Amino acid sequence: MLTETDHTDLGTLLAFALQPTQRPGRSPEYRRILGRYRTEADFRTATDAVLHGLGAIALADGEFGLILGVDAESPLAFRFSDMPHTTTREGRLLAGLVIVGLAAWAFPSPADLDEERVRRVPEIEFETWFRQICDRLKVRDAAGEVIPEEGLDQAWRVYAALPSTLVGDRGRGSGRLSPKCSLYWVRTTLSWLEGQGMARVESTKKEQTWTLTERFRVQVRDMAAENAYSFLAAVARGEPTTIGHKGSESDKQDFQDYEKDML
Amino acid sequence: MAGAAFRTKKPAERRAASSTTGRPTSSWHSTVSSGPNSTPSSGNPEFAPGAQHDLVFAVPVDHDQCGARRVAVTSVTRLLDKGQMPDGRLHGHAVRLAAWCNASTMLRESQSPFRSIKGSAVVHVFLSRAAAALRITCARGTKLSVPLSSMANKVRYERDGMVEVLFEHDGGHRPDVPPNVSMSPIVPLKGVLDPSFPSRVAVLMRSRPITDAASAAVRQDWPEYTYDVATLALAAIEMVIAQQGFETEVTYEEVRDGLTIIASRAAANRPFDEHARVAAYVLDALLNRGGREAPFTYRISDFTEPGTHQQRQVQFRLLVEREDPVRGEVVLNATGDAINALVGGLEFDVEDEQAANEFLLERQLARGAFDAAEAAARKARVLSVRLASDLAELVKATRRDLRSVIDHWASSAPASLDESLDHIRGRIDVEHRLLGKVRETLTSDEPDVATASARIAALLDETQKRHEHLLRQVISARGVFLEEQDRQAFRPPMSLHLPDLTIEVFHPLLTVPTSVAEVITARWLSDVSGPSPLRLPRLHRLVNDLWNLRDANPDRQADLDLDEAGEPDPPVLRPAAIAAASRAVERVGLPARLSTLISTCLDDESAGEHCYQAAEIVTLAVLWCFAPEDPDFAGGTDFASRLLGPRAVADTDGSTLAIPGWDGDDLIVAQTSDDLAAANPLPTTRTATPRQKDF
């Protein structure tokens, strides 16, 4: 039977878990309560039950703290509307593509997802790599590219349509990267990841280099990778998908239309 | 001429020739045989010039420092005899069949005429035209010309008078060799067939990244032979190991700085930034940053199964960057492979090695061999790091997924932990005793002995601390197993399938329509970001925020970037109005009353329609001097300073403004506090002001 103190500890543990930059190594209180979670079955069961009610699950409880994954329908789920600079549909797509691209860059093989080490991302090198992948998808024909039935709206074209770098020369954006270039979205997305405790920046003379942290690896491996893979595999097979929809109503309609076409 | 050039020299002749020319030469010498019992140069009647043949002959590999990389033969040139050419032309080197020296490159080229086998290369040469001889050029510059009239299916090599036959053929006829070429069975080379041979080669590969980096350093922009990359690399690994396992593990920058100091000692006359570049180059090479920090990957040959050859892939890292969970910094760790490379041993039992090492250290101390003792103490430290590394790996794997190491726990892990426990306790005792012995010599009269003793004492002290730390880890390891067994028993099993993110996720995502991609990326974002706690606004904060001025934080400027880059916003304060305000202050001079300054602005005809704004500017500046609203807002201070002076102050004597449309105190403003104390300027009164609509 848990006491009032236990419930206080439980709440404190969740509060720590909701702050991605908190670490047990820096906070004796966090360390103590995390230790309880790891070793006391009752306390752990109660915590997991509360998390279940919130639509969340504990992905890791090691030295980087209690790392949580959340269900798409959870009130704690992150949405694009919470992400800065993504007011436009194109911006949301670009930021999303960059995040998936970062995972593919950082973990080039399945075994890499199991390997605990930081991954460096030189932003210009990453942007070039991304662009090269888009270039390979281009169909080169002297008579022009044949427009497929579904139109020329594949996701990669949104990225490839942007120049790599564009610096504003007028107004308040003067001297800064313009959102009309892909490097802007790479940098903006990495900055956002930094705020989430999943990246850190290390500057060099040539370009900004970032490192993706252990938290990013855990989230990708235990939550994101399998969901995206299952969804894409279902799309490829022409099966109805079960992934949660969190876009706008028009997005949902587009998607349902697409699924009908596939079927 | 051709006949002389093509003549195969006998070993004795070759040795004599090389000794007379003084040119370094390979110790390998070619002979020709046609069968297992044939004698060299016996000739092969089946092999005639002008016919089509496949030649299969084995050549030795030129071992360099980093292993069997260079094959001795760099080219095989078919030499055509002048008299046998159809057009009568003389082409001594008519067809160059191959010029190659990199075994690993060749291995990927299935169409290559070469097929590499560890320790040698088998060369298939398809002769479709008349040929008189083959010229074989070895890596060390030795050139062998073998006349085909006396050539067999295979060239063997003599070394120091002994014929070494390199390969065993399975006895059957090779399908790619015409039946008129005889294939003789060859006696196996026992070393290559030894079961431990591939693992020994794999160990040899551990040093290859360092030698590769040393070779590639000649292409850097510092003078050749200035810095010893290999030494710097080992020094870097040593630096990492020295702190590994402790709370303050080293960061990239710390190791780079340390290497910079070493590099500066090596070339004190070179610029400092070059030393830093060299240090970064070495460290980047150890991390394989050029290869996106992927593991070093090499292919080696395995001949352990009789009559077969298979390739093995050797993958390893030397240094890895890890996130320190406590400090939140990225730190460097040496891998077990790096530790092995540094120790320089093959696979060995750490515990036995450590016991032997300490015995050695004790003996060396007893006989006063302090240099050797210091080396032994250094080695003891490395061994401790490796023991800790092995244990940490087991604990980490247990915590991650017990199923992956359950067999190990069921079989050897408990006994291994017990042995480790006994071993570490024993080592702590031994180190304690050695430390006492070393401390006795700390006060030696000989400075060298005292210095060496101090270093050995420091090393032993550190090793002892490591062992104490390790002891705690070993004691708790079994608890980790039991704890994880309980914890993971009811946990849903982790997904065993981890997708290939590039092929199975990223590429398909790029090719789906944008509407589908948006759904997937939205879900990905939600999954990756983890929980996002709801933030409910507090009413009083919301009101305050709405009342506050727009945030001028430059970090928020990125939001503004989303705006289209258009015409610049017009300035809030017109330059003409600012100029009129400055003129008014200049004309009136300070100290002055606010009423006088306002009146002067209003009367400034050259200001035109801006005279009212000029009066407001002056008023705001004086008010700022009287009571700055926000000291952190530097803009107001700067503006008031530019208009009234850097130390301007304002105060009131209770008088009120007597200008229509203006209310409040008629402030007195002066350039300094002293001026203000003595000031008593007269006020200005007006009965009318210019009408704004007139402008």
Side-chain angles (χ1 to χ4, degrees), chain A residues 18 23 25 39 56 62-64 68 70 72 75-78 80 82 85 93 96-97 99-101 103-104 107-108 110 113 117-118 120 150 153-156 158 168 170-173 176 179 196 211 213-214 219-220 223-229 231-232 243-247 251 254-255 258, chain B residues 289 292-294 320-323 325-328 330 396 399-400 483 486-487 494-495 497-502 504-534 557-563 565-569:
Chain A
L18 291 174
R23 295 286 166 74
T39 55
E63 49 195 359
F64 292 94
L68 302 180
V70 292
L76 299 176
F78 196 91
F80 261 127
D82 302 326
H85 318 308
L93 181 60
L97 291 176
I99 296 179
V100 181
F107 312 108
L113 282 167
R117 63 184 178 86
V118 295
R120 295 175 76 254
E150 62 270 23
D153 70 336
Q154 292 156 311
W156 65 270
V158 178
R170 287 192 302 173
R172 290 182 295 235
R176 293 196 297 269
Q196 300 297 309
T211 48
T213 62
E214 175 65 7
Q219 299 282 172
V220 170
M223 285 298 292
E226 181 61 25
N227 281 337
Y229 167 75
F231 180 85
L232 285 162
I243 197 167
H245 294 262
K246 299 202 302 173
D251 289 345
D254 286 346
F255 181 71
Y258 174 76
Chain B
R289 282 196 168 171
R292 282 177 49 191
E293 300 187 347
V320 290
E321 285 181 297
R322 189 179 65 81
E323 191 181 352
V326 178
R327 293 154 66 196
V330 176
K396 192 182 290 181
R399 286 196 193 282
R400 189 168 56 207
E483 181 187 310
D486 287 342
R487 192 173 73 85
M494 289 171 66
S495 172
H497 172 258
L498 289 172
D500 186 317
L501 288 176
T502 307
E504 295 177 328
V505 175
F506 188 48
H507 285 181
L509 173 68
L510 290 175
T511 53
V512 296
T514 52
S515 54
V516 181
E518 280 173 26
V519 176
I520 299 169
T521 51
R523 176 60 189 266
W524 181 278
L525 180 80
S526 161
D527 288 343
V528 156
S529 57
S532 170
L534 300 171
Q557 289 295 324
D559 277 335
L560 305 176
D561 284 344
L562 289 170
D563 297 340
E567 289 296 323
D569 293 338

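Only a predicted model underlies this, so the values are computations on that prediction, with no experimental measurement involved. Here is how names work: the chains are called A, B, and so on, in the same order as the sequence lines, proteins then strands, and each is numbered from 1.
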Original post:
So which heavy atom on B:L501 is nearest to which on A:A103, and how close?
Top reply: CD1-O, 3.6 Å
**OP:** Against chain A, work out which of B:E293, B:R322, B:E323, B:R289 has the most heavy-atom pairs shorter than 4.5 Å and name it.
**Re:** B:E323
Original post:
What option among A:L93, A:V220, A:V100 has the most heavy-atom pairs under 4.5 Å with chain B?
Top reply: A:V100
Original post:
Can you say whether A:Q196 sits under 4.5 Å from chain B via the side chain, the backbone, both, or neither, judging by heavy atoms?
Top reply: side chain
Original post:
Considering residues at least two apart in sequence or located in another chain, which fulfil the side-chain contact (heavy atoms from CB on, under 4.5 Å) criterion with B:T502?
Top reply: A:A104, B:D500, B:H507
**OP:** With a 4.5 Å cut-off on heavy-atom pairs, point out which of A:A224, A:G62, A:G96 contacts chain B the most.
**Re:** A:A224
Original post:
At their closest point, which heavy atom of A:L18 faces which heavy atom of B:P531, and how far apart are they?
Top reply: CD2-CB, 3.4 Å
Original post:
Do you know which of A:E63, A:R117, A:M223, A:R23 has the most heavy-atom pairs under 4.5 Å to chain B?
Top reply: A:R117
**OP:** Please report the closest heavy-atom contact between B:S529 and B:L525, naming both atoms and the distance.
**Re:** OG-O, 2.7 Å
**OP:** Could you pull out all residues at least two apart from A:A56 that satisfy side-chain contact (heavy atoms from CB on, under 4.5 Å)?
**Re:** A:L51, A:V70
Original post:
Shortest non-hydrogen contact from A:F78 to B:S532?
Top reply: CD1-CB, 3.5 Å
Subject >> Engaged part of A:V158 at the chain B interface, taking heavy atoms whose separation is under 4.5 Å >> reply: side chain
Subject >> Contacting region of A:T39 [heavy-atom separation from chain B under 4.5 Å] >> reply: side chain
